[in-house]
Participant: 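One structure is given below, represented as structure tokens, and several questions about it will come after.
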Amino acid sequence: MDMIQRFSFVKLLDDEVAGRGELAEKLRAELVAAGADAVVGLPADDSAARWDLSIVIAAASLDAWNALSRTPAMTGVFEDLAERAAVVKAWTFQAIEV
């Protein structure tokens with residue numbers, strides 16, 4: 001079985017940037033409560049500075065990710081985030097296991 005990783009990168013609205021650390025903690029807690037295996041990150045160097053948050057969610061399969069992404073708890077988290085964001089980019093990758 002191949003693991004799926006859902007990567008999201010978020011550019012917050014200007015008035016949300018100052019609180020991004022607290023928002024990252026809130027997002028992590030909400031995603032975990034919604035059943036996601038999630039990591040939320042903040043920019044660590046200049047190469048990541050154009051983004052305010054990163055979110056990586058792991059799922060056992062594409063079907064598992066699709067089912068999780070449609071739950072009310074998950075859609076609520078991302079709807080709230082969309083209201084705070086200028087841009088949200090997201091991609092789904094299949095992890096290569098050796």
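Treat the numbers as computed from the prediction; the structure is a model and nothing was measured.
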Participant: Within a 6.0 Å radius of atom CG on D15, are there more than 12 heavy atoms belonging to other residues, nucleotides or ligands?
Facilitator: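 For D15, atom CG is crowded (more than 12 foreign heavy atoms under 6.0 Å).
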
Participant: Between E30 and K26, does at least one N-O distance fall below 4.0 Å, as a salt bridge requires?
Facilitator: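 Yes, charged N to carboxylate O under 4.0 Å.
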
Participant: First locate atom NZ of K89, then atom CH2 of W51, and finally report the distance between them rounded to the nearest 0.5 Å.
Facilitator: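 Interatomic distance, K89 NZ to W51 CH2, rounded to 0.5 Å: 6.0 Å.
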
Participant: Stepwise, does the side chain to side chain contact (heavy atoms under 4.5 Å, CB included) test hold for L53 with L12?
Facilitator: CA-CA 8 Å; L53 299 168; L12 295 170; 4.2 Å; yes

Participant: Assess whether side chain to side chain contact (heavy atoms under 4.5 Å, CB included) is satisfied between M74 and I57, documenting all intermediate values.
Facilitator: CA-CA 11 Å; M74 284 292 287; I57 298 173; 3.8 Å; yes

Participant: Sequence neighbours excluded, which residues qualify as side-chain hydrogen bond (donor to acceptor under 3.5 Å, both in side chains) partners of T71?
Facilitator: none

Participant: Report yes if some heavy atom in the side chain of R20 is under 4.5 Å from a heavy atom in the side chain of L42; otherwise report no.
Facilitator: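 In contact.
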
Participant: Can you name the closest pair of heavy atoms from A34 and A73 and give their distance?
Facilitator: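 Looks like CB-CB, 3.6 Å.
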
Participant: Whether the D63 and S61 side chains hold a donor-acceptor pair (N or O, under 3.5 Å, no angle test) is what I'd like checked.
Facilitator: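 S61 and D63 do not have a side-chain donor-acceptor pair below 3.5 Å.
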
Participant: Quick one: pull up CZ in R6 and CG in L68 and give me the separation to the nearest 0.5 Å.
Facilitator: 11.0 Å

Participant: Can you tell me how far CZ of R70 sits from OG1 of T75, rounded to the nearest 0.5 angstrom?
Facilitator: 11.5 Å

Participant: Quick check: closest heavy atoms across P43 and A48, and the distance to 0.1 Å?
Facilitator: CB-O, 3.7 Å

Participant: How long is the straight-line distance from CG of D52 back to CZ of R84, given to the nearest 0.5 Å?
Facilitator: 12.5 Å

Participant: For residues V40 and I4: do they belong to one hydrophobic cluster (side chain heavy atoms under 4.5 Å, members Ile, Leu, Val, Met, Phe, Trp, Tyr)?
Facilitator: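 Yes: a chain of side-chain contacts under 4.5 Å links V40 to I4.
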
Participant: Have a look at F78 and tell me which of V88, L31, L27 forms a side-chain contact (heavy atoms from CB on, under 4.5 Å) with it.
Facilitator: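 Single side-chain contact (heavy atoms from CB on, under 4.5 Å) partner of F78 among V88, L31, L27: L31.
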
Participant: Flag the pair V10 / V87 as yes when at least one side-chain heavy-atom distance between them is below 4.5 Å, and no otherwise.
Facilitator: no

Participant: Going through the checks in order, is the side chain to side chain contact (heavy atoms under 4.5 Å, CB included) test met by V56 and F93?
Facilitator: CA-CA 10 Å; V56 182; F93 285 81; over 6 Å; no

Participant: Step by step, work out the side chain to side chain contact (heavy atoms under 4.5 Å, CB included) result for V32 and D37.
Facilitator: CA-CA 6 Å; V32 169; D37 176 3; over 6 Å; no

Participant: Measuring only between side-chain heavy atoms, which start at C-beta, is T92 closer than 4.5 Å to Q5?
Facilitator: no

Participant: If we ignore hydrogens and angles and just use 3.5 Å, is the side chain of D80 paired with the main-chain N or O of G76 as donor and acceptor?
Facilitator: no

